[in-house]
Structures are given as C-alpha cells and as structure tokens.
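First comes the structure, then the notes that go with it.
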2 protein chains.
Amino acid sequence: MVQFVHPSREDITLAGVLAALADPMRLRIVKSLLAQGDCMSCAEAAPCPGMAKSTLSNHFRVLREAGLIQTSKKGVEHRNVVREADINARFPKLLKTILGYPE
Amino acid sequence: MVQFVHPSREDITLAGVLAALADPMRLRIVKSLLAQGDCMSCAEAAPCPGMAKSTLSNHFRVLREAGLIQTSKKGVEHRNVVREADINARFPKLLKTILGYPE
DNA sequence: TTCAATAGTTCACTATTACTGAACTATTGA
DNA sequence: TCAATAGTTCAGTAATAGTGAACTATTGAA
C-alpha cells in the first residue's frame, strides 16, 4: 500500500506552491476542489476528460508534494481536500489571490 | 542585433507569470529590481554571485517572455524594469502578494 | 582604425523533469 | 473467486533547465 507524502506546514515553500499552480490543469483542479468545498476523488476533481490516468495521478502527486492538497484513502478511491488553513497560514492571501482570477 | 520578445499586456498569462516566479533565483531578481525602483543591468539585478552568465541570461529571458520585465538596450548593457503596471492591470495584487513574503 | 574589455546571447551538450500507455495494487461487490 | 473500479508505478520518449565555450555588439583607449 502506498503512503502519501504530505509536507508539514513549515515545509511548504513558495516556489513549490507557485510551481504547482503554474500548470493550468492543476490550477483548475484546485479551483474545482475549492468550489466543491468537500473532499473529492481524483476523477471528480479533475475537469479534464480524456486525460491519461497516469498524467492525472501525477498532477495530484505534484499538488500533494507541494502541500496544496491532502489525500486520504477512502475505500477504493482517494479523497482530496485543499489544505487551505496551512497555505493561508504560510502565505496569507496567496491562494485567494491566485485562484480569484477568471479562467 | 537581438530583438527582445515582450508579450503584450493581454498575452501575459497567469501560468506564465507563476512559472516564472516559481524559481527562487528569478523571484529574487524581480524583488531586487523592484527594491531598486530603477532600471538595472542584468548583472546588477542578479543577487547570485558565481552563477554562469548563460544561466543568468536564461532567467532574464524567462522573466521577459512571461511579461514580468521589460528589457531595453542601453550602451553595452541591458536595462531591466518590472512591468508593474501591466502585471497589476492583468492580475491585480498578484505581484504584491507573491513578493511580499519574507525569503 | 584597431584592439581589448565588457555585457549579454546563442549553441551544444548533458541532466533533470513531464507525458503517456501498460502493467500493477488495493478495495468493493456480485 | 472473479470482475470492475480507482489510482499508482514503471519504462520509454519528449521537452526543458544548467553550463562552458564561442559569438555579437558596444565602448573606450592606443
């Protein structure tokens, strides 16, 4: 079984967060997660039909390792939430600012 | 003679700006440019002794192509300014937010 | 004019990173 | 036990970053 890598709050870096959000698909995933407000499976959270599963999995890994999302296993699927509190504590207003622009 | 590529204001993308700022060295360059308030040569603007000239040149190219800085030739050196007005018009508060965090 | 110095760019090479199909793991339900 | 589902890992290829060396352009001096 796979154990997910989640950096602690202090280990979240600005460069890591920016790099993670610098991909349009990942930006959309985070927006989608926040709009929903609740946990979502990878498939639900990804507004990208036709994308390879492995690519999607990779995007979630990048978001996870940057500290942007928390992934937990629930049954056969993985539930994801944005680590809003951690990001806001570390980089106030960053998320809100970046995610606030129209597509 | 080399003509620099500067995207027009409308062509500046969020992904491009974030990707450009996702590198610690480039973030420091932009901070350094803004702190100075004035045009700076590449060498002046780069707080990175010992870095290869070609690497530095590449960082400036990335910043330029992302629309973050404007480069103009002045004598033997290139003068760089942050395109604050353009970035602020396109993505309000983004620069201030990202550059506001301590190193 | 010619030559050296200076500031950056471009090139070529290597090293790291991203995308994808295929194979694999883990869980659920029949 | 078997099939279906969700996602990860692997292996291969494609794209991108870092660097020294060679190149271009400008200035200033002999």
Side-chain angles (χ1 to χ4, degrees), chain A residues 1-7 13 15-30 32-33 36 38-66 68-81, chain B residues 1-6 13 15-30 32-33 36 38-66 68-82:
Chain A
M1 152 64 186
V2 184
Q3 197 46 53
F4 298 121
V5 179
H6 288 106
T13 67
V17 170
L18 294 182
L21 294 179
D23 181 282
M25 183 52 57
R26 289 196 290 265
L27 195 63
R28 287 169 63 191
I29 290 174
V30 173
S32 164
L33 280 170
Q36 191 67 14
D38 200 15
C39 286
M40 294 174 85
S41 72
C42 295
E44 281 174 333
C48 42
M51 169 167 284
K53 272 199 309 180
S54 49
T55 307
L56 204 52
S57 175
N58 211 43
H59 283 319
F60 278 92
R61 182 183 56 76
V62 171
L63 289 171
R64 201 158 48 224
E65 293 180 355
L68 273 161
I69 64 172
Q70 171 125 31
T71 307
S72 54
K73 192 142 191 179
K74 200 162 199 176
V76 73
E77 60 188 20
H78 295 177
R79 309 299 292 182
N80 300 282
V81 228
Chain B
M1 151 65 183
V2 185
Q3 197 46 52
F4 298 122
V5 179
H6 288 106
T13 66
V17 171
L18 294 182
L21 295 179
D23 181 283
M25 184 50 58
R26 289 196 290 265
L27 195 63
R28 286 169 63 191
I29 291 174
V30 173
S32 164
L33 279 172
Q36 192 66 14
D38 201 16
C39 286
M40 295 174 85
S41 72
C42 294
E44 282 175 332
C48 41
M51 168 167 286
K53 271 200 307 179
S54 50
T55 306
L56 203 51
S57 175
N58 210 43
H59 282 319
F60 277 90
R61 183 184 54 77
V62 171
L63 289 171
R64 201 157 50 223
E65 292 180 355
L68 273 160
I69 63 172
Q70 173 126 31
T71 307
S72 55
K73 193 144 193 178
K74 203 162 199 175
V76 73
E77 60 188 21
H78 295 180
R79 309 300 292 182
N80 300 282
V81 227
V82 178

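Reckoned from all heavy atoms, side chains included, excluding hydrogens, waters and symmetry mates.
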Extract from the structure each pairing of a protein N or O with an N or O of nucleotides 3-7 of chain C at less than 3.5 Å, listing the distance.
| unit_1 | atom_1 | unit_2 | atom_2 | d |
| --- | --- | --- | --- | --- |
| C:dA7 | O4' | B:Val76 | O | 3.2 |

Any chance you could measure B:Asp23, atom CG, to B:Arg28, atom CZ, to the nearest 0.5 Å?
10.0 Å

N/O-N/O pairs, protein side and nucleotides 11-20 of chain C side, under 3.5 Å:
| unit_1 | atom_1 | unit_2 | atom_2 | d |
| --- | --- | --- | --- | --- |
| C:dT20 | OP2 | A:Thr55 | OG1 | 2.8 |

Atom CZ of A:Arg64 and atom C1' of D:dT9 are separated, to the nearest Å, by 12 Å

Give, for atom CG of A:Leu18 and atom CG of B:Leu27, the distance between the pair rounded to the nearest 0.5 Å.
7.5 Å

Note: B:Ala22 and A:Ala19 closest approach over all heavy atoms is CB-N, 3.5 Å

Report the residues that fulfil side-chain contact (heavy atoms from CB on, under 4.5 Å) with A:Pro7, sequence neighbours left out, ordered by chain and then residue number.
A:Asp11, A:Ile12, A:Arg83

In Å, rounded to the nearest 0.5 Å, how long is the span from CD1 of A:Ile29 to CG of A:Asn80?
9.0 Å

Pairing residues for B:His6 by the side-chain hydrogen bond (donor to acceptor under 3.5 Å, both in side chains) criterion, not counting sequence neighbours
none

Holding to side-chain hydrogen bond (donor to acceptor under 3.5 Å, both in side chains), I want the full list of residues that pass it with A:Asn58, two or more places apart in sequence or in another chain.
A:Arg61

Can you check whether B:Ser57 has a side-chain N or O nearer than 4.0 Å to OP1 or OP2 of C:dT9?
yes

Stem list for DNA chain C, please, built from Watson-Crick and G-U wobble pairs under 3.5 Å and keeping only runs of at least 3.
C:1-30 with D:1-30

Whole-Å gap separating P (D:dT19) and CZ (B:Phe60)
15 Å

Find the distance between CZ (A:Arg79) and CG (A:Leu33) and round it off to the nearest 0.5 Å.
10.0 Å

Heavy-atom closest pair, residues A:Leu63 and A:Ala20:
CD2-CB, 4.2 Å

Atom pair CZ/CD1 of A:Arg26 and A:Ile69 - distance to nearest 0.5 Å
10.5 Å

